[in-house]
Amino acid sequence: MPEQRMLMRVGAGFIAALDQSGGSTPKTLERYGIPQSEFSDDEDLMFDLVHAMRVRIMTSSAFSRPRVLGAILFEKTMRDSVDGLKASQYLWQRKSILPFLKIDVGLAEESSGVQLMKPFTDLSNRLNEAKSLDVFGTKMRSVIKYCNRQAIEDIVEQQFDYARTINGHGLVPIVEPEIDINAPDKEECEEVLRINLERHLAALNEEEHVVFKLTLPEQPNFYGDFSRHPRVLRVAALSGGYSQEESIRRLGENKSMIASFSRALTEELRRDMVDTEFSGALERAICGISEASAT
């Protein structure tokens with residue numbers, strides 16, 4: 001674990017987000033060239049199709065260190081096989097890429113301009129299983145859509161409450177209080193969020209660490225101080241629906257952030273590409289994202 005924590009703190013590259021769950025998978029498959037009519041209401045087939053896409057990405061020679069530092073997996077993906085190993089074990093044992101597990105179970109209904117996370121289920125057993133499969137850390141996402149100060153405080157408090165539990169199991173949590181890129185008061189949301197993150201960081205002890213995954217801010221380097229905080233291993237940026245081009249441009253303006261992109265990583269990939277086309281498109285995406293993460 002000390003070796004992995006140091007790698008997370010100083011290693012080159014970005015964190016690939018391969019953790020689309022049931023709600024986001026149909027759109028991911030549609031962009032990949034698989035219409036919903038192909039799997040209809042068959043959830044098992046849907047997950048098999050998206051797993052095949054992820055395997056194609058993970059086993060590509062383009063998907064490797066030092067440009068890819070970590071990868072976030074959906075729980076089913078963690079358990080599924082990649083080249084004879086569980087996906088998380090394949091990433092760490094074969095490619096030295098840090099595996100993370102999406103640990104939240106979805107968002108609650110919007111209230112007061114935010115979406116908290118639904119209460120976690122069977123968390124201790126899930127964390128123990130993840131650790132046994134070489135998982136380094138977890139990821140949990142909530143969403144801010146409007147600047148309600150109390151609601152944003154509630155978002156951060158919930159994130160850090162779970163983060164302490166995750167730290168207690170020997171894993172490093174990615175704290176992801178996403179600000180909707182279409183929020184009409186996005187800059188004000190960022191101000192309130194930063195204040196609350198600073199306050200909760202101050203309450204962590206020296207054995208507790210987090211990774212932040214934050215929406216690319218309107219003001220460049222707005223979250224720069226977090227990258228130097230002793231309790232923060234890394235500050236990552238989410239693409240949040242920005243195009244690949246726009247995500248890379250904005251990331252390049254934030255010198256202390258690395259990428260943790262999903263859509264921006266996969267938007268040019270298509271199922272019907274031959275292997276050379278697929279590898280080329282993935283190579284271009286990884287190259288652009290990793291270069292922006294190094295600025």
Return yes when atom [atom1] of [X] has more than 12 non-hydrogen atoms of other residues, nucleotides or ligands closer than 6.0 Å, and no otherwise.
X: E30; atom1: CD; answer: no
X: Y146; atom1: OH; answer: no
X: E198; atom1: CD; answer: yes

Could you tell me whether the side chains of [X] and [Y] share a donor-acceptor contact shorter than 3.5 Å?
X: D134; Y: Q93; value: yes
X: N125; Y: E129; value: no
X: S142; Y: Q159; value: yes

Problem - Ring-face cation contact, F278 with R56, 6.0 Å cut, 45° max - result: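 Yes, cation above the ring, under 6.0 Å and within 45°.
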Handout entry: Closest non-hydrogen atom pair between R199 and N196, with its separation
Key = NH2-OD1, 3.0 Å
Fill in the blank from the handout: Looking only at heavy atoms, the pair that brings V68 and A16 closest together is CG1-CB, 4.5 Å
Practice task
Could you name each residue pair satisfying salt bridge (charged side-chain N to carboxylate O under 4.0 Å, His left out) that touches residues 210-233, not counting sequence neighbours?
Solution key: K186-E218, E218-R250, D225-R228
Practice task
Name all pairs fulfilling the salt bridge (charged side-chain N to carboxylate O under 4.0 Å, His left out) condition that reach into residues 107-123, sequence neighbours left out, sorted by first residue then second.
Solution key: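 Qualifying pairs: E110-K145.
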Please check this pair: side chain of [X] against backbone of [Y], looking for a donor-acceptor N/O pair closer than 3.5 Å.
X: S290; Y: C287; value: yes
X: S260; Y: I15; value: yes
X: S88; Y: L133; value: yes
X: T77; Y: L73; value: no
X: K255; Y: A294; value: no
X: R79; Y: A87; value: no
X: N148; Y: G113; value: no
X: R65; Y: S96; value: yes
X: S227; Y: G224; value: yes
X: Y162; Y: F120; value: yes

Exercise for the section: Report yes if some heavy atom in the side chain of I258 is under 4.5 Å from a heavy atom in the side chain of V235; otherwise report no. Expected result: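 Not touching, per the 4.5 Å side-chain cut-off.
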Exercise for the section: Would you indicate whether the side-chain heavy atoms of I248 and Q244 approach each other to under 4.5 Å? Expected result: yes
Practice task
Give a yes or no on whether the ring-centroid distance for Y223 and F212 is below 6.0 angstrom.
Solution key: no
List the residues meeting side-chain hydrogen bond (donor to acceptor under 3.5 Å, both in side chains) with [X], not counting sequence neighbours, and say none if there are none.
X: R141; result: E178
X: R249; result: E246, E253
X: E283; result: R67

Practice task
Could you note down all residue pairs passing ring-ring contact (aromatic ring centres under 6.0 Å, His included) where residues 179-199 supplies at least one of them, sequence neighbours left out?
Solution key: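 ring-ring contact (aromatic ring centres under 6.0 Å, His included) check on residues 179-199 returns no pairs.
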Handout entry: Pairwise distance CD(E206) to CD(E208) - rounded to 0.5 angstrom
Key =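 The distance works out to 10.0 Å.
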Problem - E38 with R271: basic N within carboxylate O range, under 4.0 Å - result: yes
Problem - Salt bridge flag under 4.0 Å for residues K139 and E176 - result: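 Salt bridge flag = yes for E176 with K139.
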